Asks: 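Let me give you the structure first, and then I'll get to my questions.
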Amino acid sequence: MSGRTIQLGGHRVEVSRADKVLFPRDGLTKGDIAEYYHRVGSTLVRYTKDRPLASERYPDGIEGQRIFQKNVSARTPGWVRRVEVPKREGGRNIQVVCEEPDTLVHLADQGVLTPHVWLSRTDDLERPDRMVFDLDPSDNGVEELRSAAHHTRRLLEEVGLPAFVMTTGSRGFHVLVPLRREDTFHRVREFARGIATVLSERSPELLTVEQRKEDRAGRVFVDYLRNSYAQTTVAPYSVRARDTAPVATPISWRELDEVGPRGFTLGDVPERLATHGDEWSGIGNRATSLTRPRRRLAELRSGS
DNA sequence: TTATGTG
DNA sequence: CACATAAAAAAATGT
DNA sequence: ACATTT
Ligand SMILES: [Mn+2]
Ligand SMILES: [Mn+2]
């Protein structure tokens, strides 16, 4: 064993090699990541609680190998909650459920930079309580990307759905809709496809629903396929494996016109949370049924 | 990151 | 003991 | 069955 070990949180979670540099350009260490998650953990766990979690690990830093891990590590302590989830084509995974900040510190110790979570919760894995529109630019500028997000919000509100937006810290934005847990992934995905299709028909120069990169032709991909069983989205307030350590950050629709996908970083977010609070604090109280929006979307498509 | 195998 | 190596995801879509 | 994308 080599390097400094630190302890954090009520469980005195050990973080080994705390001085190991994971972000060479920024000098950020594993200890910095663990301390960040310790600080924002109480807010972050609102978005991971009750959801199967998958880990994006970089044990040798962001220039090393990327490991996407679903099953809980052998070394994960017993106080960390787990859930057994069936795979679609048979078999099972045992995944972490992050209920408390100490779990994030442990994950950081394992080299996890970015936790990803399901759109459904452990007590009903088949019925999501979130719908996501993942806006992925081709080579579009930030103005086009913002425009894509505003178009998405406008259509969702036209059909009666609330919409929340966050930076991903990577290339795009995510637009989230809180749902009542009435519909299966299949039905939610069909609805999301309808929304994405109307968006691309309204703005054919700007938006596309084509999954194949070569068919996207410089447009913003409205990725509705995230709304599927066992698919994940980056957890709000998680760190991304890119220079400057950008953070996936919930923002207001007003702020959208002032920031890009990497507008907030590990250095800004704790202070932002302290002064402005969490922009999504109300998302849990806005869960909506798709029944009426489905009819309104159908009316829109038949021109009424 | 960690467990395991080899000289 | 020092060092090498393996392993850590899966769903939807289209051909 | 396989490649692509996430
Ligand atoms: Mn994306
Ligand atoms: Mn995507």
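Bear in mind the structure is a predicted one, so any value in this text is a computation, not a measurement. Proteins come first, then strands; the chains are lettered A, B, ... in the order of their sequence lines, and each starts at number 1.
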Asks: Roughly how far apart are A/L125 CG and A/R181 CZ, rounded to 0.5 Å?
Replies: 9.5 Å
Asks: Got a list of protein N/O to nucleotides 2-4 of chain B N/O distances below 3.5 Å?
Replies:
from: B/dT2; atom 1: OP1; to: A/Q110; atom 2: NE2; distance (Å): 3.2

Asks: What residues from residues 82-107 of chain A pass a heavy-atom cutoff of under 4.0 Å to DNA chain C?
Replies: A/K87, A/R88, A/N93
Asks: Specify the residues of residues 59-67 of chain A, ordered by number, for which at least one heavy atom lies under 4.0 angstrom from an atom of DNA chain C.
Replies: A/Q65, A/I67
Asks: Whether the A/Y47 and A/D278 side chains hold a donor-acceptor pair (N or O, under 3.5 Å, no angle test) is what I'd like checked.
Replies: yes
Asks: Are a donor atom and an acceptor atom from the side chains of A/E182 and A/S289 found within less than 3.5 Å of each other?
Replies: yes
Asks: Can you tell me how far C1' of B/dT1 sits from CG of A/N71, to the nearest Å?
Replies: 16 Å
Asks: Less than 6.0 Å separating the ring centroids of A/Y229 and A/W118?
Replies: yes
Asks: Do A/R262 and A/S170 get their side chains close enough for a donor-acceptor pair, meaning under 3.5 Å?
Replies: no
Asks: Within the sub-3.5 Å range, which N or O atoms of nucleotides 4-6 of chain D have a protein N or O partner, and how far apart are they?
Replies:
from: D/dT5; atom 1: OP1; to: A/K213; atom 2: N; distance (Å): 3.4
from: D/dT5; atom 1: O3'; to: A/R216; atom 2: NH2; distance (Å): 3.0
from: D/dT6; atom 1: OP1; to: A/R216; atom 2: NH1; distance (Å): 2.9
from: D/dT6; atom 1: OP1; to: A/R216; atom 2: NH2; distance (Å): 2.9
from: D/dT6; atom 1: O3'; to: A/D223; atom 2: OD2; distance (Å): 3.1
from: D/dT6; atom 1: O3'; to: A/R226; atom 2: NE; distance (Å): 3.2

Asks: Should A/L225 and A/L155 be counted in the same cluster of Ile, Leu, Val, Met, Phe, Trp and Tyr side chains packed under 4.5 Å apart?
Replies: no
Asks: State whether A/E126 and A/R187 are salt-bridged, where the test is any N-O pair (Lys NZ or Arg NE/NH1/NH2 against Asp/Glu carboxylate O) under 4.0 Å.
Replies: no
Asks: Does any donor atom in the side chain of A/H150 or A/R153 lie under 3.5 Å from an acceptor atom in the other side chain?
Replies: no
Asks: For A/Y224 and A/D134, test the side chains for any donor-to-acceptor distance below 3.5 angstrom and give the result as yes or no.
Replies: no
Asks: Using a 4.0 Å cut-off on protein heavy atoms (strictly under), produce a 5'-to-3' string for nucleotides 1-6 of chain C with B for base contact, S for backbone-only sugar-phosphate contact, and - for none.
Replies: ------
Asks: So, using side chain to side chain contact (heavy atoms under 4.5 Å, CB included) as the criterion, who are the partners of A/D26 when residues are at least two apart?
Replies: A/F23, A/L28, A/D243, A/T244
